Structure formats: structure tokens, C-alpha cells
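Being a predicted model, the structure only gives us computed values, none of them experimental. Each chain gets a letter, A, B and so on, in the order the sequences are listed, and its residues count up from 1.
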There are 2 protein chains.
Amino acid sequence: MSDLIKLKHEFEHSSDFLVALGDPKRQAIILALLDKKVIHRGLRVNELTDVVALSRPAVSHHFKLLKAVGLIDYHRVGTKNYYYLTHRSQQIQQLETLLTHVQAVMDTNERL
Amino acid sequence: MSDLIKLKHEFEHSSDFLVALGDPKRQAIILALLDKKVIHRGLRVNELTDVVALSRPAVSHHFKLLKAVGLIDYHRVGTKNYYYLTHRSQQIQQLETLLTHVQAVMDTNERL
DNA sequence: CTTAATGGTTGATAATTTTAAACCATTAAA
DNA sequence: TTTAATGGTTTAAAATTATCAACCATTAAG
């Protein structure tokens, strides 16, 4: 399998993750979840509406999207859902690999 | 300056780049430009309309966007514009840095 | 100078994504 | 077993983004 075909698949696979990460609102959510005080406990939808200026359904929507992409997960305590960042997300690793591969292809052809 | 504030800035700075990379059409364009045969010569808008199934204005639009983000550049020969990938794009480096930093913050807090 | 080719721009439309209001389901507390 | 709290879902509207058709500007060739 050629390098370019491999890259094509890596790109396709990272697509949703890239757009998920690109959105400023979702970046704000991720940052909030990275905070020392919440990184283990997680945050509930209602707690986040205060931090980022978004309605509850909007936060819920973005959570769903970030979860679909494997960046966050949640656990339920009674009626409360605590959302937290997935540690060592596969997706982050894969995106790093993709970037490395892009550079590698460019470097290979640069040497000629 | 705290790690999180730094991360916030890195995120903001990578935002356009991430959405630019996330789009499947633009991924196809990047892959076409990565091809050995064109990586130095570059490709013209009209040549790309055949490779990716897009109209000329659409390709032109995506080129403009990719150029704004620093991933590609072009040079003009007569009336023809040849678009090529920027070697060692700053943005790729910065995105790699961002991913590393996110992992670092998570690892730091994991150890506690 | 005229004609053909290239590609960028503009303006209108289509498609997608984001948002919020209203509603439903589940759980905990009174 | 009511009542209040939490948060997910659905539907419609708003906003953003992508697309195309038509047009303009520039250059090369005849």
C-alpha cells in the first residue's frame, strides 16, 4: 500500500476529530475540562453553561459530538452526568501520527 | 502565564487550521498536492477539478482558504497559477506542539 | 488588435451546522 | 407518591459555509 493511500485513510479517520477540535466553543469546553479541579471529577452540563456562554442543549450537543469522537466520556451519579476527558485519547495519538506522516512524505520528496 | 492560558492561545491559533484540515474535500486537495509528480511543480485550479470532483470556483475557494492558513502557496507562470504545499508549514509544527501540550497537562494531573 | 485561455470575484442558492424552546424520562428528596 | 432537579431529545429557526452561474481581468497566441 502506497504512502499516499495510507495518508488518505489517516485523513479520513481524523476528519471528525479535526472539525471537533477546530470549533472555538468546543475548545472552550475542552479547556474547562482540563482544569486541575475538574479533570478527575468531570463537569455536568449545567455547570458548563456558566463557564462557556452556551445553553444547556448546546452544551449537550457538543458533548455528544466530543464523545462520538472519543475525546470525552461520562459517568452517571444518580441523575447527574459527569463528563471528563478521555485520558490518552487514541485520536490524539493518531492525529500526531498523521502530521508526522505528512511531514515525512514532504521530506522524502524534498530530498530528490 | 498558566499552562491553561497558554493552551487556550494555542487552541485559538490552530482553530482555522484544524477546520481547514478537517474538510474531506480539502483533504483530497492536499493529497493530490502531496503526489510525487506534482509536489514540486504544483497544480493549477483547472487540473484539480478533474482529480477532485469540484467546480473551478469551489477549488479556487478552497485554495484561498488553505493559503490563508499557510498550508499552500502558489506562483504564477503567465496566466497559470501553480499551487503547491508549503514545505514544513509552521502550522503543522504548532499543531503538533498543541497536541503534546494537551497530553502533558493530562499526564501532569494524572500523577497526583 | 482580436481572440482564446486561465483563473479570480461576486452574488444568489443550497447544504450543513449550531442554537434554543419545548418536551420527555429518570432519579432523588420531601 | 408527589414534587423538584437533572439532562437528553426533537423540531424549528438562525447562522455559517460551500457551491455554482455569470462576469471580469489578465495574459498569450494568432
Side-chain angles (χ1 to χ4, degrees), chain A residues 11-12 14-33 38 41-86 91, chain B residues 11-12 14-33 38 41-86 91:
Chain A
F11 261 125
E12 280 163 8
S14 299
S15 199
D16 289 344
F17 184 62
L18 285 162
V19 310
L21 270 190
D23 183 79
K25 305 290 176 58
R26 287 189 285 268
Q27 293 182 349
I29 291 176
I30 292 168
L31 285 169
L33 292 177
V38 297
R41 184 178 79 95
L43 278 178
R44 290 180 289 117
V45 172
N46 269 332
E47 291 174 320
L48 254 176
T49 55
D50 301 331
V51 183
V52 300
L54 285 172
S55 71
R56 196 162 56 75
V59 171
S60 193
H61 163 74
H62 287 302
F63 268 159
K64 197 174 163 187
L65 206 149
L66 289 170
K67 177 156 169 34
V69 132
L71 205 64
I72 68 173
D73 203 349
Y74 72 92
H75 66 274
R76 174 163 268 238
V77 178
T79 104
K80 303 186 209 299
N81 296 347
Y82 290 89
Y83 291 84
Y84 53 88
L85 290 165
T86 305
Q91 291 280 3
Chain B
F11 262 125
E12 280 162 8
S14 299
S15 201
D16 290 344
F17 184 61
L18 285 163
V19 310
L21 269 191
D23 182 80
K25 306 289 177 57
R26 286 189 287 266
Q27 293 182 350
I29 292 176
I30 292 168
L31 285 169
L33 293 177
V38 297
R41 183 177 79 95
L43 277 178
R44 290 179 289 121
V45 171
N46 269 331
E47 291 175 321
L48 255 176
T49 55
D50 301 331
V51 184
V52 300
L54 284 173
S55 72
R56 194 161 57 74
V59 171
S60 193
H61 163 73
H62 287 302
F63 269 158
K64 198 173 162 188
L65 206 150
L66 290 170
K67 176 156 171 35
V69 132
L71 244 174
I72 67 172
D73 204 348
Y74 72 92
H75 67 272
R76 174 162 267 234
V77 178
T79 106
K80 304 185 207 300
N81 296 348
Y82 290 89
Y83 291 83
Y84 52 89
L85 291 164
T86 305
Q91 292 278 5

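- Protein atom CG of B:N46 is 17 Å distant from nucleotide atom P of D:dA28, rounded to whole Å.
- When each of B:H62 and A:Y74 is assigned the nucleotide of DNA chain D with its nearest heavy atom, A:Y74 is the one assigned upstream, toward the 5' end.
- Distance, B:H75 NE2 to C:dT6 P: 16 Å, rounded to whole Å.
- Side-chain N/O atoms of A:R44 and base N/O atoms of D:dG7 include no donor-acceptor pair closer than 3.5 Å.
- Rounded to whole Å, atom P of D:dT6 lies 13 Å from atom CZ of A:R76.
- Rounded to whole Å, atom C1' of D:dA14 lies 14 Å from atom NE2 of A:H61.
- Applying the side chain to side chain donor-acceptor pair (under 3.5 Å) rule to B:D23 yields no partners; only residues at least two apart in sequence or on another chain are considered.
- C:dT9 atom C1' lies 14 Å from atom CG of B:N81, rounded to whole Å.
- Listed candidates were D:dC20, D:dT19, D:dG8. Nearest to the side chain of B:K25 is D:dT19.
- Of the listed residues (A:L33, A:V59, A:N81), just one forms a side chain to side chain contact (heavy atoms under 4.5 Å, CB included) with A:L43, and that residue is A:L33.
- Summarising the geometry, the separation between OH on B:Y82 and P on C:dG8 is reported as 13 Å, rounded to the nearest angstrom.
- Closest-nucleotide positions on DNA chain C for A:R56 and A:D23 were compared, and the one nearer the 5' end corresponds to A:D23.
- Scanning for side chain to side chain donor-acceptor pair (under 3.5 Å) contacts around B:R56 gives an empty result, with sequence neighbours left out.
- The distance between atom CG of A:L54 and atom P of C:dA21, rounded to the nearest whole Å, is 13 Å.
- Counting only heavy atoms from C-beta outward, the side chains of B:F11 and A:L21 approach each other to under 4.5 Å.
- Checking D:dA22, C:dT19, D:dT9 against the side-chain heavy atoms of A:P57 singles out D:dT9 as nearest.
- For D:dG8, the OP1/OP2 oxygens have a side-chain nitrogen or oxygen of A:Y83 closer than 4.0 Å.
- Between the NZ atom of A:K64 and the C1' atom of C:dA20 there is a distance of 16 Å, given to the nearest Å.
- Using cut-offs of 30° and 60° on the angle between ring planes, the pair B:Y82 and B:H75 is parallel.
- Projected onto DNA chain C by closest heavy-atom contact, A:T79 and A:R26 fall at different nucleotides, the more 5' of which corresponds to A:R26.
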